[in-house]
Amino acid sequence: MIYPIVFLALIYFTFLLKVYIGLNRIKPINKKQSNKPFVTVIIPFRNEENNLLKSLKSIENIKYPKELFEVIYVNDNSVDNSLKVLQHNIKSENIKIIEYKADKDNNIGSKKRAVNFAISKAKGSIIATTDADCIVKPDWLDILINYFDDNTAFVSGAVKFSSDGSLWNRLQQLEFSGLVLAGGGLIMENKPTICNAANLVFKKDVFYEVGGYSDNLTLSSGDDELLMQKIANSTNYKVKFCFEKDSVVSTNPNKSITEFYYQRKRWASKGVHYKDILLVLFLVVIYLFFLSIPSLVVFSFIKNTNYLLLAAFLFFIKYIIETMIILKGKVILIDKFSIFDMLIAELLHIPYILMAGFLGLFGNFKWKDRELKR
């Protein structure tokens, strides 16, 4: 039993070190685009009446030349006052609203269908996406566009959870920062795996070249990383990661454990649909490593207390390396780092991964007041 677990641990720790090495390679792009492209910013929304004014204000403050970008808010069948809130408050001529009408009997992939509909109406050669509950900074678009060249088709930006200082929000900020940093590190190592649709920019023609969302419209999630993986694996274009402070998009953490549960279940549901079989197998290996630590604790009571020592050692190594990774994003993604918070987050990390990974394979989940299938 010991040797397989050590093997799993070595694979996982090697993965973490690869992420850390990738993060050390991040450098800001200092060049400025001399000929700025026309950009279409797409913001899907459903039942976001409490967030849209903040989103709109941040969008109106974007410094990118007004004549070189448009913003499309696409209504994904809201049943609250979201549409009225936007209609009564939009003042800029380059911001408009379109409506996507979903099939009442099939809500699966509705967000992707809404974004896909907006892309078909977009004037820009470059598409930027963010969410209606997000805040962008004035230089957001300008910085991301600087990462493009003839060989680049996709740029992933960082997303930050805001925090009110409560333990619940601090823990979410740490956990979410870990996901963002893992995604960035892997992109820098030429292994694009995860990203977030709240901060993405890609070439429209390449989107259509790889088939857009056509092969995963039956999935309720995956409008971000499944697209990124297709571009990385089926074209010769580069995928880049932007990790500059003024390009970070901020959003609110989950209000409750229930919201957190459904969000992570939704995210986990797309993992088995990755086209790269080796990547899927690697995710299984990581899951088995996480499972091995509580298994060792159980076996320590049944067979030998040495199993408990091994579990503690593996947890300690995991804690050290993951803390090193988190510290790479301390200035940009974390309001206040605490060793105590990190320890609590690490203790909760294992059961949450085991639960989300397992339940993401089965059943339905809720999102934006919808009951959705995996």
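- Residues meeting the ring-ring contact (aromatic ring centres under 6.0 Å, His included) test with Y213, sequence neighbours left out: F207.
- To the nearest 0.5 Å, the span separating NZ on K112 from OH on Y100 amounts to 11.5 Å.
- I293 and Y12 fall within a single hydrophobic cluster, where Ile, Leu, Val, Met, Phe, Trp and Tyr are joined by side-chain heavy atoms under 4.5 Å apart, directly or via other members.
- Cluster annotation: F316 and L17 are assigned to the same hydrophobic cluster (Ile/Leu/Val/Met/Phe/Trp/Tyr, side-chain heavy-atom contacts under 4.5 Å, transitive).
- A distance-only check finds a donor-acceptor pair linking the side chain of N94 to the backbone of F69 [under 3.5 Å].
- Without hydrogens or angle criteria, K230 side chain to V210 main chain gives a donor-acceptor distance under 3.5 Å.
- Both Y73 and I126 belong to a common hydrophobic cluster when Ile, Leu, Val, Met, Phe, Trp and Tyr are linked at side-chain heavy-atom distances under 4.5 angstrom.
- The two residues C134 and T251 have their closest heavy-atom pair at SG-CB, 3.7 Å.
- Summarising the geometry, atom CD1 belonging to I326 is positioned 12.5 Å from atom OH belonging to Y20; distances are rounded to the nearest 0.5 Å.
- By the salt bridge (charged side-chain N to carboxylate O under 4.0 Å, His left out) test, K204 pairs with no residue at all, sequence neighbours left out.
- Under the 4.5 Å side-chain heavy-atom criterion for ILVMFWY residues, a single connected hydrophobic cluster contains both I42 and I231.
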Notebook entry, point to check: Could you walk me through whether N89 and K57 pass the side chain to side chain donor-acceptor pair (under 3.5 Å) check?
Noted result: CA-CA 10 Å; N89 288 279; K57 183 178 180 180; over 6 Å; no

Next item on the list: Go through the steps for D224 and K111 under the test salt bridge (charged side-chain N to carboxylate O under 4.0 Å, His left out), then give the verdict.
Entry: CA-CA 11 Å; D224 37 30; K111 180 189 176 185; over 6 Å; no

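- Not a single donor-acceptor pair under 3.5 Å links the side chain of N75 to the backbone N or O of E99.
- Checking side-chain atoms of Q173 against main-chain N and O of D335 turns up a donor-acceptor pair under 3.5 Å.
- Side-chain atoms of K203 come within 3.5 Å of backbone atoms of T152 as a donor-acceptor pair (strictly under, hydrogens ignored).
- In plain terms, the two heavy atoms of P37 and I145 that are nearest each other are CD-CG2, 3.6 Å.
- Listed for the N47 side chain is a donor-acceptor partner under 3.5 Å among the backbone atoms of V79.
- Note that CD1 of I143 is 12.0 Å distant from NZ of K245, once rounded to the nearest 0.5 Å.
- Looking only at distances, a side-chain donor or acceptor of N199 sits under 3.5 Å from a matching main-chain atom of S247.
- With D131 contributing its side chain and D133 its backbone, the two residues share no donor-acceptor pair below 3.5 Å.
- Taking every heavy atom of both residues into account, S55 and S58 meet most closely at O-OG, 2.8 Å.
- I43 and L200 fall into different hydrophobic clusters, where Ile, Leu, Val, Met, Phe, Trp and Tyr are joined by side-chain heavy atoms under 4.5 Å apart, directly or via other members.
- Side chain of K160 to backbone of V248: no donor-acceptor contact under 3.5 angstrom is found.
- Of all non-hydrogen atoms in I2 and L310, the two that sit nearest each other are CD1-CD2, 3.6 Å.
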Taking distance alone, no hydrogens or angles, what donor-acceptor pairs closer than 3.5 Å link side-chain atoms of residues 336-349 to residues at least two apart or in another chain?
from, atom 1, to, atom 2, distance (Å)
S338, OG, F340, N, 3.2
S338, OG, D341, N, 3.2
D341, OD1, R170, NH2, 3.1
D341, OD2, R170, NE, 2.6
E346, OE1, K318, NZ, 2.9
H349, ND1, K318, NZ, 2.9

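- Atom NZ of K36 has more than 12 neighbouring heavy atoms from other residues, nucleotides or ligands inside a 6.0 Å radius.
- Between the W168 side chain and the N254 main chain, a donor and an acceptor come within less than 3.5 Å of each other.
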